[in-house]
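Heavy atoms only: backbone and side chains are in, while hydrogens, waters and symmetry mates are out. Just so we're on the same page: letters track the sequence lines, and every chain starts at 1.
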Amino acid sequence: MSPGPSLPVQPPNGPHNNPSGEPSSGPKSQKSMTKAERRELQERQRAAKAAKTTAGPNASNAKQANKAGQQTSAPKKGPDAAAPAAAKTLKDTKVATAAASDTVAGKAHGLRIFSHFGLPKPVSAAKGDIHPAVARLALQFSNFKITGANARCIATLTAFKTVIQDYATPPNNTLSRHLMTHLSPQISHLVAARPMSVTMGNAIRQLKLEISGSDIDLPEQDAKDALCQKIDNYIRDRIIIADQVIEETAGNKIKDGDVILTYARSSVVEKVLLGAHSEGRQFSVVVVDSRPMLEGKRLLSVLSSAGIQCTYLLLPALGSIISEVSTVFVGAHSIHSNGAVYARAGTALVAMMAKQHSVPVVVCCETYKFSEGVQLDSFTKNELAPVGDLFSSFPLTKPREALTLHKGPNLEILNPLYDLTPPTSITAVVTEVGVIPPNSISSIPLALGRLL
Amino acid sequence: MAPELQSAGYRAVEVLAGKLRRRQVVGSREAALETVLVLRQVVSRAQFSNITQLVAIIRDVGRRLSEAQPKEHTVGNIVRKVLHNIREEYNTATQGTALGTSSVRNVYSISKFVLQGQPRKHHVAPKSEATASLKENDPNDPDSFARGIKPVLMEAIQDVLDELETVYDNVSKNARDHIHSDEIILTIGHSKTVEAFLKAAAHNRNFTVIVAETGPSYSGHEMARSLSAAGISTFLVPDSSIFAIMSRVNKVLLGAHAILANGGMFAICGSLLAASAARAHSTPVVVCAGQFKLTPLWNLYHEYGALDFADPSSVLGFEEGDLVDKVDVVNPYYDYVGPELVDVLITNDGDHPPSSVYRLIKESYDDEDHEF
């Protein structure tokens, strides 16, 4: 999926300030607190900062903390509580902590088998020194400004190039030994923003290999240039050229008069369709889409402005049109060694319906998305999209009050981002090394003559 | 048009037909209720001197209403049910003289069952038969037949109305036999029957419901709110995650719009997806529906029931500008779910496998009413 427009960075969850910058109004010193308490305090201070806009800029810290307490605990605390604020702060802290533990307990009561779905965390304060390019990228990840396995991988590698260029080996150390320790906190910062994609993992593993293999005797600047060159080569060979090959191979599978169905938005599928169209093939495209992200709308506008005849529908309506489709093309986030495709949630449903109607399902996937290991279903490992209307994906005709956008008592909202398509519902996987059946995926690394 | 309809009853028919056409009356139960009320009005005011005339009047009403909105199958079903009940009442009333007419009616056989349905208590008598107590076609007093039979007819219609009014209670009376504790149930959309069923089960069982939000109406949001307000642990998920979640779901509970004679059904768009995903994971699919949804039709003209389309603005809003001009938007109301995807139908009259729906239809309606 292509890189999103680089929009101005907006802090998503309040300013990610360093909590120690603000004088603590809590009852204990920060050092004596437990980790949970510190987090609690940090949350309150963040909320306090948000409340500052209403409270006025010169409000005291104590008042801020109190306001935060009111927000998290109970509305019964009126604004007249400003005077004994310092005294109340302690109580508020306790109330807030109690409330937090209550919600944790409530969640456990709800359904324990969902508890492993990690909830999206706010971008936490940077640990260690984080390069500005990485900090910016982390915000773009957590805001879903950059999505898609390819886009995220390219963005990460590009950011790391900047990091490497700005890196200076400390005295008494070598680049090949020390650079990775410098990169690790950057990586963990990105992972904290959004779980790492398989593509990023593969690329970073390759980068580590290159770093540890770089010549000790090389001058530092040369070594850095060589690494950046390696990164560029990786992007070129494994992603850009790979996409071109896939575009051509998969494009040849489209015939005149075909009806191609695709789900959500894959950058590779988009290129395949545009490529086949520019070669003059006459076909129409059915774009199937679904919440939470409604990514298909972007694909729809790209394809229809290119002059391709398009039909747009939401996933539930799939059953009505699937019998008219000649081929299904979908992209992938990653592909497991048993041939199961981990892709945007909904892909599995599309593939299942196509399989039932004997419509071929073609997955377009570069080999660097290969992930060793086998996942049995998409329940064990998944990522949740933030709750609410982040992607403004509800129709405007639907009144907002008729929607349930927030959790309530007994009510949880889950937005899994991925699902796992079993290899049985996939006809073929188009990679840059050829069109292969899904059960031969495990031979790809061997075909490339190396282990990923 | 029968002249008898030139009355207040006729006006009521036109009003309802207009409402159905404009989709002011939507939903199978809503439409069914309105139809019974109109039929009651029509029958109470109708002038007829024999049963054939009455049947013709009711059939005419049925034709008008079902032409107004052919997709509200329950309208036709209710008319058929009322006709069936009226004939039964008539046969009971004319029992004394009807007895001698048919000597072979007590012979039960498979072929007879297939042709005529369940052996009835009272054989359908020839329509124009004169009776001692109820004299049809009395030249001296043409209204005497109507006067005599109307009270029992009103009772027959009241039976239909009562059935409709108690349908949720009766569907959900065995809810706890179908749900075990700590079960995870998936449902889609906002079916009132499923809602009542789950709420009834929640009195005895502690379980979790996952509601798919079911675009483009997103009626699942309402369902999730209603269930969680009733104290049921509820999870709201987007439609795209049905497959991801299905591996942990114990049972899929669906509502129906209409149940067809082959055991398949029309249901809210998305049902096919949920039912197919359930089949892929061997998860049982349970359908909750009142018997008034049984429709003597075999999957209409199209394998997929998406012949009824809703407006596209809820899928691709006009705020998308020029995109709206260039692309086709598909937004069907219903899915057709085949009988092979349904495991059990829970109705207000017990649980049935989809394969026995045809028998229920034979029992509930008279064959000659399948077309008005």
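- Taking the side chain as every heavy atom from C-beta outward, P238(B) and P416(A) approach each other to under 4.5 Å.
- In this structure, chain A has a heavy atom under 4.5 Å from the backbone of S217(B), while its side chain stays farther away.
- Atom NZ of K19(B) is surrounded by 12 or fewer heavy atoms from other residues, nucleotides or ligands within 6.0 Å.
- Judged as a side chain to side chain contact (heavy atoms under 4.5 Å, CB included), and not counting sequence neighbours, the contacts of D343(B) are R279(B), P284(B), V285(B).
- Most heavy-atom pairs under 4.5 Å with chain B: of the set T311(A), L417(A), L349(A), this distinction falls to L349(A).
- Between S240(B) and Y263(A) there is a side-chain heavy-atom pair separated by less than 4.5 Å.
- Scanning both residues, L273(B) and M352(A), for their nearest heavy atoms gives O-CE, 4.0 Å.
- Within the 3.5 Å criterion, the main-chain N or O of H221(B) finds a donor-acceptor partner in the side chain of T404(A).
- When heavy atoms are compared at a cutoff of 4.5 Å, N415(A) approaches chain B by way of both its backbone and its side chain.
- Heavy atoms of other residues, nucleotides or ligands lying less than 6.0 angstrom from CD of E340(B) number more than 12.
- Just one of D377(A), V350(A), D419(A), L420(A) meets the side-chain contact (heavy atoms from CB on, under 4.5 Å) condition when paired with F243(B); it is D419(A).
- Interface residue I232(B): only backbone heavy atoms are found under 4.5 Å from chain A.
- For the set D328(B), V330(B), N331(B), the count of heavy-atom pairs under 4.5 angstrom toward chain A peaks at D328(B).
- Here the straight-line distance linking atom OG of S301(A) with atom CG of L323(B) works out to 6.0 Å at 0.5 Å rounding.
- Heavy-atom distances place the backbone of Y418(A), and not its side chain, under 4.5 Å from chain B.
- Note that CZ of R225(B) is 7.5 Å distant from CG of L403(A), once rounded to the nearest 0.5 Å.
- Of the listed residues (S247(B), S219(B), G220(B)), the greatest number of heavy-atom pairs within a distance under 4.5 Å of chain A belongs to S247(B).
- Chain B forms the most heavy-atom pairs under 4.5 Å with one residue out of L315(A), T424(A), V287(A), L313(A), and that residue is L315(A).
- Atom-to-atom distance recorded for S378(A):OG and M246(B):CE is 11.5 Å, nearest 0.5 angstrom.
- Open room surrounds CZ on R176(B); 12 or fewer heavy atoms of other groups in view lie less than 6.0 Å from it.
- With a 4.5 angstrom heavy-atom cutoff, K297(A) touches chain B via backbone and side-chain atoms both.
- Of the possible donor and acceptor atoms, none in the side chain of T234(B) sits under 3.5 Å from a partner among the backbone N and O of L411(A).
- Both the backbone and the side chain of D239(B) come within contact range of chain A, each with at least one heavy atom under 4.5 Å from a heavy atom of that chain.
- A distance of 7.5 Å separates CG in L314(A) from OG in S314(B), rounded to the nearest 0.5 Å.
- Interface remark: A224(B) contributes backbone and side-chain atoms alike to the contact with chain A (heavy atom separation under 4.5 Å).
- With rounding to the nearest 0.5 angstrom, the OG atom of S228(B) is 10.5 Å from the CD atom of E412(A).
- If you measure heavy-atom distances from P409(A) to chain B, the contacts under 4.5 Å come from the backbone alone.
- Residue P332(B) comes nearest to S320(A) through the heavy atom pair CG-OG, 3.4 Å, listed as atom of the first residue, atom of the second, then distance.
- For K192(B), the NZ atom sits in a loose shell: 12 or fewer heavy atoms of surrounding residues, nucleotides or ligands are nearer than 6.0 Å.
- P216(B) and P395(A) get closest at one heavy-atom pair: O-CG, 4.0 Å.
- Shortest non-hydrogen contact noted between S304(A) and K326(B) is O-CD, 3.7 Å.
- For a residue to count as touching a neighbouring chain, one of its non-hydrogen atoms must lie under 4.5 Å from one of that chain's; by this rule S276(B) touches chain A with backbone and side chain alike.
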